[in-house]
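Reviewing the structure listed below.
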Amino acid sequence: MTVTDGDSPDPADGAPVPRVLFDTGTLETLDQASTGAVWRLAEPGRQVDANVVRIPPGRHVDPHTEPDLDVLLLVVAGDGTLATSDGPCPLSEGSLAWLPHGSSRGLAAGERGMAYLTVHRRRPGMWIRPAETRE
């Protein structure tokens, strides 16, 4: 049985079914102006978050610190540079980087632009709590 984007068979036991979610080969067909998240994992009940992000040539993501989550970053197309507190780290297609929580990181796309997959623990949803009463 083959399951592709959008198909969701209903197994008899109600268990989730593995399936293909995105084909990174389609990145080549995107408009060159496409930037930011071009795909997001949005399946209900998931324990991880994942995104495919595209940065056009000559563009960058400013250095920032993620205080709570470790992130895996896999370059799926193009090339660029990972800015770290230890200096720049070149990235090419197939590079897999670990971005530990608390670390400073920034990204710059190379001449061909860069697309990458990020995967990290799912962030808990926002909690809206009642206002605290003052005594």
Next item on the list: Would you sort out whether Val53 and Val38 count as a side-chain contact (heavy atoms from CB on, under 4.5 Å), showing the intermediate values?
Entry: CA-CA 6 Å; Val53 178; Val38 295; over 6 Å; no
Next item on the list: Starting from the C-alpha separation in whole Å, work towards a yes-or-no answer on side-chain contact (heavy atoms from CB on, under 4.5 Å) for Arg59 and Arg54.
Entry: CA-CA 10 Å; Arg59 304 285 300 270; Arg54 184 173 179 285; over 6 Å; no
Notebook entry, point to check: Between Val48 and Leu41, is a side-chain contact (heavy atoms from CB on, under 4.5 Å) present by the stated rule, with each step listed?
Noted result: CA-CA 8 Å; Val48 298; Leu41 182 63; 3.9 Å; yes
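Checked by atom type, the side-chain pair Asp68/His101 shows no donor-acceptor distance below 3.5 Å.
Partners of Arg40 by salt bridge (Lys or Arg N to Asp or Glu O under 4.0 Å), not counting sequence neighbours: none found. For Glu66, the salt bridge (Lys or Arg N to Asp or Glu O under 4.0 Å) criterion is met by Arg123, not counting sequence neighbours. Scanning for side-chain contact (heavy atoms from CB on, under 4.5 Å) contacts around Thr81 gives Pro88, with sequence neighbours left out. Take Asp49 and apply the salt bridge (Lys or Arg N to Asp or Glu O under 4.0 Å) test, not counting sequence neighbours, and it matches Arg46. Applying the side-chain contact (heavy atoms from CB on, under 4.5 Å) rule to His60 yields the partners Asp62, Ala108; only residues at least two apart in sequence or on another chain are considered.
Of all the heavy atoms in Leu27 and Ala77, the pair that sits closest is CD1-CB, 4.2 Å. Summarising the geometry of Ala109 relative to Met114, their closest heavy-atom pair is CB-N, 3.9 Å, with the distance given to 0.1 Å. Closest approach of Val75 and Ser92 over heavy atoms only: CB-O, 3.4 Å.
Atom CG of Leu99 sits about 8.5 Å away from atom CG of Asp70, to the nearest 0.5 Å.
Leu107 has its side chain within reach of Leu73: a pair of non-hydrogen atoms, C-beta onward, lies under 4.5 Å apart. Looking at heavy atoms from C-beta onward, Leu21 lies in side-chain contact with Trp39 at the 4.5 angstrom threshold. Arg112 places a side-chain heavy atom less than 4.5 Å from the side chain of Asp79. Considering only heavy atoms from C-beta on, Val61 comes within 4.5 Å of Ile55 through its side chain. Tyr116 is not listed as a side-chain neighbour of Leu74, based on a closest heavy-atom distance of 4.5 Å or more.
A donor-acceptor contact shorter than 3.5 Å links the side chain of Thr84 to the backbone of Asp86. The backbone N or O of Thr65 sits nowhere less than 3.5 Å from a side-chain atom of Arg105 that would complete a donor-acceptor pair. One N or O on the side chain of Asp23 and one on the backbone of Gly25 form a donor-acceptor pair closer than 3.5 Å.
Counting Ile, Leu, Val, Met, Phe, Trp and Tyr side chains that sit under 4.5 Å apart, directly or through other members, Leu69 stands alone, with no cluster partners.
Criterion: ILVMFWY side-chain heavy atoms under 4.5 Å apart, direct or through other members. Under it, Leu96 and Leu82 are not part of a common hydrophobic cluster.
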